[in-house]
Every structure is written in C-alpha cells, then in structure tokens.
Q: 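I'd like to ask some things about the structure below.
All values below were derived from every heavy atom in this structure, side-chain atoms included, with hydrogens, water molecules and symmetry-related copies excluded.
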Amino acid sequence: MKLLRFLVFGIMSVILLPSIIAAEWQWSVQLPSIISNETNDHPQAFLWIPSDCTQVKAVIIGNHNMTEETLFENSLFRERLSETGIALIWITPGWDQRWDITTGCQEAFEKMMEDFANVSGYRELKYAPIVPLGHSAMATYPWNFAAWNPDRTLAIISLHGDAPRTNLTGYGRDNMEWGKRTIDGIPGLMIEGEYEWWEDRVNPALAFRMMYPKSCVSFLCDTGRGHFDIADCTAGYIALFLKKALEYRMPATYDLDKPVELKKLNPQNGWLAERWHPNQKKRAKAAPYKEYKGDSHDAFWYFDKEMAEMTEERYRRERGKKPQYLGFVQKGQLLTYNPKSHVKVAARFLPEKDGLTFHLKAVYTDSLHTAISDEHSLTSPAITRICGPVQKVNDTTFTVRFYRMGMYNQRRTRDICLLASNDGDKHYKSTVQELTFRIPYRNTEGKRQHILFPGLDDVKKGTKTISLYATSDCGLPVYYYVKEGPAEIEGNKLVFTRIPPRSKFPLKVTVVAWQYGLAGEVQTAEPVERSFFIYQSAIDK
C-alpha cells in the first residue's frame with residue numbers, strides 16, 4: 001500500500017509542478033578565502049548575463065538576504081537590464097554586512113570578478129563598473145563598498161535600507177568609519193517603504209547631503225509597499241536609475257582590459273525634489289537644481305526631469321486614497337497578526353499527503369487584522385514568493401521547491417517568506433502583508449532514503465532538452481533544480497536557454513536531484529549533484 005501511495009504522490013507532483021522552477025544563472029564560482037558561519041563552507045557566487053549581451057557594461061552585486069534574489073529574478077527587471085547590458089551577481093550565503101576590508105572582503109571580491117571573467121568568456125568583468133545593492137541587513141554595505149571603491153562604483157542601491165554613514169545600520173551594530181573617504185559624484189539611491197516608514201532612517205540621508213554637497217543621493221519612498229517586497233513599479237524605477245547612471249557616467253569608448261574611467265557627476269547639473277512626507281497635501285515643485293524653489297535641505301537629488309517626475313508620480317498615485325488591509329487564511333482560519341513581530345503574520349507548515357504542497361489564501365481584513373472586511377478595492381489580492389524554498393502553483397496552492405541556495409544552510413534552508421499584495425484602485429491604496437513560516441528540515445524519522453541519479457552526458461550547443469531519470473529507493477518522486485548553467489527545469493526535463501554570444505566553451509551545467517521525504521515515515525535524502533558540459537561542437541569535445 002505504501003508503494004501505491006508513493007506512486008500516487010508522484011502523479012500528483014506532476015499535476016501540480018510549476019512550468020518553470022527558477023530563473024537561470026549561467027555561471028558560478030566559490031569564494032575560496034571566505035567561510036560562512038551559516039554553512040561552514042565557502043559562499044557560492046552566481047552570475048547572470050543577458051542572453052543577447054555582446055559586452056557587459058556593469059554588474060550589480062547583491063548578497064543573500066531577502067529581496068535581492070526577488071529583484072534579481074524579476075522578469076521585468078531582467079528585461080530592462082538586457083536593454084542596457086547590465087549583469088547580475090548573487091552570493092549565497094551573504095557575506096560581510098559592513099564591508100570591512102580588514103576581513104579580506106576586498107580581495108575576495110576582486111578574485112571573484114577575475115574568476116567570473118575567466119569562466120564566462122566576458123573578460124571585461126575583471127574591470128567592469130559595479131553597482132553594490134543590498135536589502136535590509138545588507139543595505140549598509142553598498143555605501144561602504146562605494147567609499148572603498150569610488151573609482152569602480154557606477155551607482156549605489158540601498159533597498160528598504162539605510163542612509164550613507166547612518167547610525168541605524170540594517171544589521172543593528174556600529175557602522176564603518178570612512179575617514180576622509182567620500183562618495184562624491186556617485187549616484188546613490190535609498191529606498192524606504194511607506195509601511196516601514198521611520199523618520200530616523202531618512203533624516204541621516206538629508207544630513208549627509210548637507211555635509212557632503214558634492215554627493216548625489218536620491219530617495220524613493222516606496223509608496224503603498226512595505227519592507228519585504230519588490231513591486232514591478234519599483235523594479236522598473238531601479239532599472240531606470242541604473243540606465244541613467246550608465247548614460248551619465250560611462251565614457252564613449254574604453255578599453256575592456258583596463259579599469260573604466262567613470263565620469264563624476266556634479267549634483268548641480270541634476271534636479272531636486274522634495275522628500276516624501278506622510279499625508280502631505282502640498283509639495284514644492286521638482287525643478288533643476290539651481291531653479292528649485294523649495295527647501296533644498298529637505299530635498300533629494302535626481303539625475304534629470306524624467307527621474308524626478310517618475311518619483312513624483314509614485315507619490316501622486318497613492319495620495320488621498322483610503323487604506324486597505326490584508327491577511328491570510330489557513331485551513332479556514334484567519335491567521336493572527338502580531339504587530340510586535342518583524343514579520344507580522346506567521347503560519348504553520350500544513351502540507352498535503354505528498355509532504356510538499358500546502359495552501360494559503362490572501363484576504364482583506366479590517367484595520368486591526370482581526371476580521372475579514374468588505375471595504376477594499378475591486379481586485380483580488382495575490383500571494384507571491386519573497387524568498388525561501390517555495391514555488392507558487394496557483395492563487396492558493398504552493399509547494400516546497402529547493403533551489404540553488406542549496407540544502408545545507410543551517411539558517412535559511414527551512415525558512416519561507418511570502419507576500420500578499422494588492423495594487424489598489426482609484427479609491428484604495430496599494431497594500432502589502434508578509435507571512436513567514438518554517439518547514440521541518442530535515443525529516444529525520446522513518447525509513448532512510450537514497451537517490452540514484454545517473455550521470456549526464458555532455459551535449460552540443462543547440463541541444464533543446466534532455467530528460468532526467470533520478471529515482472528514490474523509497475519510490476517517492478524526485479525533484480530537480482539547476483545550480484548553474486543556461487538551463488531551467490520543466491518537470492523531469494532540463495530545458496536549455498539561450499547562451500550569451502561571447503560565452504566561453506565548454507560551458508558547465510550542474511543539476512541537483514532532491515527528495516524531501518515524509519514526516520515520520522521517510523527521511524530526507526541527501527541531494528545528488530550531476531555536472532556535464534555544453535560544447536560548441538562535437539569536434540571541440
């Protein structure tokens with residue numbers, strides 16, 4: 001009977017399996033000089049280059065915290081980066097929240113960029129301009145990175161985070177001292193969500209502008225959004241900010257084998273716009289720096305009219321609308337809202353018989369989050385993934401899916417964070433509500449389980465798909481993720497994606513097979529990795 005149950009689970013998993021498991025990352029390298037206390041191993045860095053990119057103009061670097069990966073795998077964001085030739089690097093586990101060069105972070109960064117230049121074929125990565133980006137606990141590092149690498153930093157993004165040189169660091173400890181270092185002439189963007197608003201976070205940014213009049217600090221209040229999410233409109237805003245940075249700072253020509261001489265910006269050639277205020281009815285009009293009529297001490301810098309007006313439009317869109325509130329229903333019960341918790345709603349992991357699939361529903365609530373409400377916009381709220389080993393199947397169905405983070409991170413492997421959101425309408429504001437819970441990891445009771453995953457043969461460039469044939473000796477369905485390489489998972493097939501034109505061959509692909517087990521019945525199996533290479537032709541092999 002148990003074998004029959006396992007076969008039924010296998011059929012169910014095929015029915016529920018999302019069409020695409022995760023976005024591609026074509027290359028990875030380890031950081032050999034760094035040991036993470038989350039894994040007791042070297043962090044792994046992943047590189048994505050747009051598939052039609054003939055030259056990488058800049059690289060955004062983010063660590064594994066929370067919404068860095070959400071932004072980096074946002075399809076709109078990647079589409080915009082493809083238009084400008086900007087690549088992405090995501091590092092897991094994250095490392096050095098302070099960017100303290102005494103820890104060896106600078107040397108590790110330079111080695112990583114050199115390794116990616118060698119393995120990818122895009123040699124300009126060794127010297128390409130960098131955009132440090134960090135969220136929350138990692139949001140202080142971008143400013144400090146720029147202070148130590150001013151000649152190489154194209155722009156700075158502190159996402160739902162901090163002001164430069166703030167005394168309120170995202171990681172909650174002392175900030176770095178800069179000495180005589182500055183970030184003059186480097187465009188920096190600080191973003192703070194409306195539903196996480198804290199005056200003590202924005203005021204240091206205004207003070208920094210006054211202390212360093214040659215600095216170029218922009219600010220966006222992410223109106224109608226919170227601390228944990230990335231809306232498409234925010235992803236588009238960041239992408240435009242980066243496009244402007246390229247346009248205003250990159251020289252017309254430069255040598256790919258030498259550092260790029262970036263142009264320093266003069267803030268007086270930009271625009272000023274007033275900072276955001278809660279419930280503000282009248283604002284000073286955004287204007288060129290020297291024509292601004294408002295209080296310049298209460299304003300932020302922007303590249304130009306387009307960037308300033310896009311900021312003002314974000315503020316206009318939510319002004320004067322009624323608030324609405326969201327919650328989650330699980331097993332027919334509205335989950336408790338805890339205003340004192342960092343993530344205000346917590347769920348339990350209540351899976352179906354397959355041990356993976358679970359259900360949650362987003363609902364509108366009253367302002368106390370204690371009852372379901374009829375006062376809301378005309379559209380339904382949606383639930384999306386923030387981070388963790390989870391994949392959305394439909395509006396109320398989700399399933400555990402491990403991914404390139406791996407299955408050995410003591411801190412993060414079992415943590416899942418989801419977001420309920422609604423963009424509002426002409427009457428109601430945009431609103432969000434986050435939720436968190438933990439899955440048991442690992443399943444350690446019951447029958448031991450092992451995966452048999454036959455080796456994968458090398459393939460030629462142009463191969464469309466290959467089938468994967470891993471099995472469990474307990475009869476449970478085996479799942480997969482692509483750790484590195486130009487490929488994605490569809491069911492039990494590996495589907496190859498377009499290879500960037502200057503890629504170096506052979507190109508490594510690594511696939512991981514995993515099986516979570518069944519609580520109390522079957523233990524979690526050790527994941528099994530299989531690697532192979534894509535060759536440009538049979539002759540090259």
Side-chain angles (χ1 to χ4, degrees), residues 18-26 46-53 56-92 94 131-136 138-139 142 155 157-161 189 191-193 220 222-246 310 314 381-393 395 398 401 403-405 416-423 430 432 434 481-482 486 488-489 497-498 500:
S19 58
I20 299 294
I21 295 299
E24 62 181 346
W25 293 81
Q26 299 104 331
F46 296 90
L47 169 67
W48 172 79
I49 292 178
S51 61
D52 59 352
C53 180
V56 173
K57 302 290 181 61
V59 183
I60 310 173
I61 299 180
N63 287 277
H64 187 172
N65 183 49
M66 289 190 75
T67 59
E68 291 91 343
E69 62 179 292
T70 317
L71 175 65
F72 286 3
E73 296 193 355
N74 178 286
S75 58
L76 171 67
F77 190 63
R78 285 196 168 192
E79 179 182 333
R80 299 289 170 81
L81 296 188
S82 297
E83 296 168 0
T84 53
I86 298 178
L88 295 166
I89 290 176
W90 180 67
I91 303 165
T92 182
V131 179
L133 179 150
H135 167 252
S136 192
M138 290 299 308
I157 310 289
S158 184
L159 179 58
H160 293 161
L189 173 61
I191 299 175
E192 186 175 356
L220 173 70
D222 203 2
T223 51
R225 313 302 296 189
H227 181 71
F228 297 93
D229 60 297
I230 290 290
D232 279 352
C233 59
T234 308
Y237 186 97
I238 296 171
L240 180 61
F241 184 87
L242 297 176
K243 180 181 179 182
K244 298 286 185 183
L246 285 174
M310 188 176 188
R314 283 293 306 271
I383 301 177
T384 54
R385 172 185 180 268
I386 298 176
C387 60
V390 62
Q391 188 76 19
K392 180 175 179 176
V393 178
D395 289 343
F398 304 83
R401 288 293 184 270
Y403 67 112
R404 62 181 47 80
M405 171 182 70
I416 289 174
C417 199
L418 298 172
L419 183 86
S421 64
N422 180 267
D423 289 338
S430 173
V432 296
E434 66 282 354
Y481 65 83
V482 178
E488 296 168 330
I489 297 291
T497 57
R498 187 177 173 188

Q: Can you name the residues that form a side-chain hydrogen bond (donor to acceptor under 3.5 Å, both in side chains) with Ser82, not counting sequence neighbours?
A: none
Q: Can you see which heavy atom on Leu76 is nearest to which on Gly236, and at what distance?
A: CD2-N, 4.3 Å
Q: For Phe398, which residues count as a ring-ring contact (aromatic ring centres under 6.0 Å, His included) partner, sequence neighbours excluded?
A: Phe358
Q: Go through Leu242 and Thr84 one step at a time and tell me if the side-chain contact (heavy atoms from CB on, under 4.5 Å) criterion holds.
A: CA-CA 9 Å; Leu242 297 176; Thr84 53; over 6 Å; no
Q: Rounded to the nearest 0.5 Å, what separation is found between the CD1 atom of Ile89 and the CD1 atom of Ile49?
A: 8.5 Å
Q: How far does CZ of Phe77 sit from CD1 of Ile230, to the nearest 0.5 angstrom?
A: 8.5 Å
Q: Donor-acceptor pair, Ser421 side chain versus Val432 backbone, under 3.5 Å?
A: no
Q: Between Asp222 and Ile191, is there a donor-acceptor pair closer than 3.5 Å when you use the side chain of the first and the backbone of the second?
A: no
Q: Does any N or O in the side chain of Thr92 come within less than 3.5 Å of the main-chain N or O of Met405, such that one atom is a donor and the other an acceptor?
A: no
Q: Could you measure the distance from the CG atom of Asp229 to the OG1 atom of Thr67? Nearest 0.5 Å is fine.
A: 8.0 Å
Q: If you round to the nearest 0.5 Å, how far is OG of Ser51 from CZ of Arg78?
A: 10.0 Å
Q: For the residue pair Phe46 and Trp25, does the interplanar ring angle fall in the parallel (under 30°), tilted (30 to 60°) or perpendicular (over 60°) class?
A: perpendicular
Q: By side-chain contact (heavy atoms from CB on, under 4.5 Å), which residues pair with Ser430, not counting sequence neighbours?
A: Arg225, Glu318, Asp423
Q: Kindly determine whether Leu71 and Ile60 satisfy side-chain contact (heavy atoms from CB on, under 4.5 Å), including the steps that lead there.
A: CA-CA 11 Å; Leu71 175 65; Ile60 310 173; over 6 Å; no
Q: Quick check: closest heavy atoms across Leu81 and Pro50, and the distance to 0.1 Å?
A: O-CG, 4.2 Å
Q: Are Glu24 and Arg498 ion-paired here, with the side-chain N under 4.0 Å from a carboxylate O?
A: no
Q: Looking only at heavy atoms, what is the nearest atom pair of Gln26 and Pro500, with distance?
A: NE2-CG, 3.5 Å
Q: Rounded to the nearest 0.5 Å, how far apart are OG of Ser75 and CZ of Arg80?
A: 10.0 Å
Q: What verdict does the side-chain contact (heavy atoms from CB on, under 4.5 Å) test give for His160 and Ser136, after you've listed the backbone C-alpha separation in whole Å, the side-chain angles of each residue and the deciding distance to 0.1 Å?
A: CA-CA 6 Å; His160 293 161; Ser136 192; 5.9 Å; no
Q: Would you mind reporting whether Pro486 and Thr497 have side-chain heavy atoms less than 4.5 Å apart?
A: yes
Q: About how many Å separate CD of Glu434 and NE2 of His227, when rounded to the nearest 0.5 Å?
A: 9.0 Å
Q: Does NZ or CZ of Arg385 come closer than 6.0 Å to the centre of the six-membered ring of Tyr403, within 45° of the ring's axis?
A: yes
Q: Go through Phe228 and Met66 one step at a time and tell me if the side-chain contact (heavy atoms from CB on, under 4.5 Å) criterion holds.
A: CA-CA 7 Å; Phe228 297 93; Met66 289 190 75; 3.4 Å; yes
